[in-house]
Amino acid sequence: MNAAPAAQAVPLLVVHDLAVRFATDSGPVEAVREVGFTLERGEALALVGESGSGKTQSAMALLGLLADNGRATGTATLAGAPLLGQPEHVLRRIRGARIGVVFQDPMTALNPYLTIERQMTETLVLHRSRSRREARAEALQMLEAVRITDARRRLDQYPHELSGGMRQRVMIAMALLPRPELLILDEPTTALDVTVQAQILDLLAALRRDLGTAMLLITHDLGVVAAVCDRMLVMYAGEGVEQGPVAELLAHPRHPYTQGLLASLPARQHGARLATLAGQPPDPRARPPGCAFTPRCRHAMAVCSTVHPAWTEESATRGRRCHWQPPEASAATGEAP
Amino acid sequence: MSAARLLDAQDLAVHYRIGGGLLHRGRALRAVEEVSLNLAAGETLGIVGESGCGKSTLGRALLGLTPITRGRVMLAGIDLTSLSARALRAHRRHAQMVFQDPLASLDPRMTVGQILAEPLRVHEPSMTPLAVRARALSLLERVGLGAAALNGYPHEFSGGQCQRIGIARALMLRPKLLVCDEPVSALDVSIQGQIVNLLQDLQAEQGLGLVFIAHDLAVVRHISHRVQVLYLGRTVETGPTAAIFAAPRHPYTRGLLDAVPEARPGAPLRVPVAGDLPSPLDPPPGCAFHPRCPRAQARCHTEAPALRPLGADRAVRCHFPLDDASAA
Ligand SMILES: Nc1ncnc2c1ncn2[C@@H]1O[C@H](COP(=O)(O)OP(=O)(O)OP(=O)(O)O)[C@@H](O)[C@H]1O
Ligand SMILES: [Mg+2]
């Protein structure tokens with residue numbers, strides 16, 4: 001234990017009761033509500049859920065990057081200091097130095113008219129008073145860290161000259177340049193082919209090992225979660241519904257949605273017909289009063305359509321939002337059979 | 001090449017001209033090269049490979065939607081390349097396409113009823129509006145949407161519902177063949193299964209032939225009877241689904257299978273294929289896969305392998321195919 005004990009005790013990121021509301025022509029949309037989680041230093045947490053479940057907007061709220069019609073409430077702290085609701089100049093500094101961000105589509109995040117070197121070094125030169133030469137050296141070193149082939153030559157190329165996988169490596173290198181404590185990755189491999197995705201996942205695992213950067217990884221792919229993350233929070237219709245260590249959740253899901261999601265993965269099935277979750281998520285403008293999953297839930301009871309279930313910590317490592325109690329056999333959390 | 005085959009493509013090539021202008025002809029991008037395939041009624045052929053490997057071009061060429069540079073496509077016994085533009089349009093009714101992005105493939109200004117009626121307006125102009133409506137209604141019912149959907153507009157439906165509408169539209173002409181180009185890639189897993197089951201049911205009921213283009217190997221494995229793997233426009237391996245998944249013979253097929261991260265605790269993370277797909281404008285000499293191949297030897301750098309049969313129903317394009325035992 002060489003770091004100061006006080007700093008050890010405070011988790012890197014604590015999010016409590018996060019909600020995101022958008023004002024729209026057809027009324028208010030509650031995209032995220034009652035979301036809470038904790039991320040320790042060096043840990044990797046996955047936000048998992050289907051399209052529209054609020055994964056991206058949760059992250060945008062933390063970064064202060066919500067669209068103009070959006071508003072976030074709740075609390076979030078980074079290493080104990082408030083994050084949510086901070087003025088823009090404070091958030092900009094945090095985004096530039098302490099939290100790195102990688103989005104799904106590197107092409108939209110990169111400036112097509114600037115060389116890779118310019119994109120990577122601009123902030124180092126402007127905000128960190130590095131000389132051009134120092135900044136170039138740092139950029140080169142980081143490109144090598146993300147295992148880009150021919151790194152020196154890449155510095156002088158433009159984004160369109162790189163493949164999708166290489167552009168995503170550049171994005172990761174850029175996000176890592178200021179040595180952030182936290183890396184937020186929003187579907188970083190969704191646009192890539194499986195062969196290249198495997199390379200990027202391997203890189204992320206190595207970066208965690210070598211740099212100890214904490215990661216908040218947003219994805220709908222449970223295979224990606226298993227490859228990179230320690231813990232996961234499953235989201236449905238804007239809410240967290242189940243949380244716990246990845247290995248435990250994949251082996252013993254306790255929320256009916258997590259169970260249904262896992263059961264519907266084609267890779268896990270061998271029968272003639274695919275098991276499916278009937279129906280679809282609710283329209284965020286017309287959320288049912290009780291549990292949002294009720295209409296699709298095979299364990300739904302009367303109470304589920306009237307009373308919104310509260311988040312319950314079920315053990316030291318797992319939490320759930322559900323009225324239904326799984327039978328004891330599967331309630332033994334985590335222990336492999 | 002028997003007449004009973006619904007679809008039979010021989011030595012198909014589709015080249016695009018890139019660049020070029022007044023003074024020079026530009027370069028040929030060989031999107032599809034030397035591809036042969038066939039399909040019987042009631043059968044599903046899965047086409048897999050990385051983006052840019054020519055899957056979509058192949059799908060469009062099979063329907064006569066893109067000009068063929070070489071080879072021929074027999075659809076329901078008729079050679080598409082022998083048809084006049086007009087005859088081709090008429091013949092195309094036997095084969096319909098289902099697209100990846102369900103919402104983008106539906107005209108946003110039309111109601112679902114109009115969208116479904118559109119193909120009949122062209123191909124069966126003599127059908128009465130009442131008969132058209134009846135067919136639209138029965139298909140909407142069949143794909144799990146009610147009559148109420150008829151008057152809705154595409155943006156009022158979810159991604160999964162739009163894909164059901166796209167399937168209903170494809171079936172309005174009672175085709176014999178559906179070419180599905182990444183039909184579930186844009187959908188959430190919980191919805192994917194609903195669409196895959198629907199396609200399988202329709203196939204069983206109507207004896208449809210399906211060409212199922214996808215990059216998701218788990219879905220392809222589930223729905224396909226046979227699989228054809230493409231790399232840079234060429235077939236590198238083909239055979240019965242179960243055999244290919246149990247023991248791939250081409251190192252690229254093996255790599256594709258191993259690269260998929262498993263949603264299983266403790267599943268190993270593997271990086272079986274290094275590097276990126278080379279540019280199809282500038283394919284590597286010899287075997288196109290050799291720069292990424294863990295088994296490449298000197299011969300692979302210079303000599304392009306031919307597609308060689310392996311037993312009755314499999315073929316592989318590799319100088320040094322994996323053997324059954326090592327892949328098991
Ligand atoms: N500016 C906005 N105005 C109104 N609604 C919005 C706005 N931005 C997002 N939303 C809504 O917020 C909800 C959550 O969206 P979010 O992007 O967080 O989902 P997601 O889980 O990231 O989904 P995906 O997997 O598709 O990226 C959606 O219903 C979306 O339509
Ligand atoms: Mg998102």
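Proteins come first, then strands; the chains are lettered A, B, ... in the order of their sequence lines, and each starts at number 1.
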| said: Please find the pair of heavy atoms, one from B/Val271 and one from A/Ala198, that lie closest to each other, and give the distance. | reply: CG2-O, 3.6 Å
| query | With respect to chain A, which residue among B/Arg270, B/Gln194, B/Glu262 yields the maximal number of heavy-atom pairs within a distance under 4.5 Å? | reply | B/Gln194
| task | Considering non-hydrogen atoms only, spot the tightest contact between B/Gly193 and A/Leu274 and give its length. | result | CA-CD1, 3.8 Å
| message | With chain B as the partner, which of A/Ala205, A/Ala275, A/Gly279, A/Gly260 has the greatest number of non-hydrogen pairs under 4.5 Å? | response | A/Gly279
| remark: When rounded to the nearest 0.5 Å, the distance separating CG of B/Asp188 from CG of A/Leu261 is 8.5 Å
| query | Relative to chain B, which of A/Gln280, A/Arg296, A/His220 shows the most heavy atom pairs under 4.5 Å? | reply | A/Gln280
| Relative to chain A, which of B/Ala218, B/Ala259, B/Ala263 shows the most heavy atom pairs under 4.5 Å? | B/Ala263
| message | What part of A/Ala263 gets within 4.5 angstrom of chain B, counting heavy atoms only: side chain, backbone, both, or neither? | response | neither
| said: Let me confirm one number: the CD-CD distance from A/Gln197 to B/Glu50, rounded to the nearest 0.5 Å. | reply: 11.5 Å
| query | Roughly how far, to the nearest 0.5 Å, is CD of B/Gln192 from CG of A/Leu265? | reply | 9.0 Å
| Non-hydrogen atoms of A/Val196 and B/Gly275 that approach each other most closely | CG2-O, 4.2 Å
| query | Got A/Thr276 and B/Asn197 here, is their nearest side-chain heavy-atom distance under 4.5 Å? | reply | yes
| note | Heaviest contributor of heavy-atom pairs below 4.5 Å to chain A, chosen from B/Val196, B/Asp201, B/Leu187, is B/Asp201
| note | If you tally heavy-atom pairs under 4.5 Å between each of A/Ala226, A/Pro281, A/Ala267, A/Ser51 and chain B, the highest tally belongs to A/Ser51
| note | What one should report as the nearest heavy-atom pair of B/Arg264 and A/Arg268 is CA-NH2, 4.4 Å
| task | Tell me, out of B/Gly266, B/Ser279, B/Ala274, B/Ala267, who's got the most heavy-atom pairs with chain A below 4.5 Å. | result | B/Ala274
| query | What part of B/Leu269 lies closer than 4.5 angstrom to a heavy atom of chain A: side chain, backbone, both or neither? | reply | side chain
| task | Just give me the residue among A/Val194, A/Thr149, A/Leu222, A/Thr195 that pairs up with chain B most often, heavy atom to heavy atom, under 4.5 Å. | result | A/Thr195
| remark: Nearest heavy-atom contact between B/Pro265 and A/Leu250 is CD-CB, 3.9 Å
| field | Region of B/His222 that comes under 4.5 Å of a non-hydrogen atom in chain A | value | side chain
| Distance-minimising heavy-atom pair for B/Pro261 and A/Leu201 | CG-CD1, 4.0 Å
| request: Pick one of side chain, backbone, both or neither for A/Gln269, based on which atoms fall under 4.5 Å of a heavy atom in chain B. | output: neither
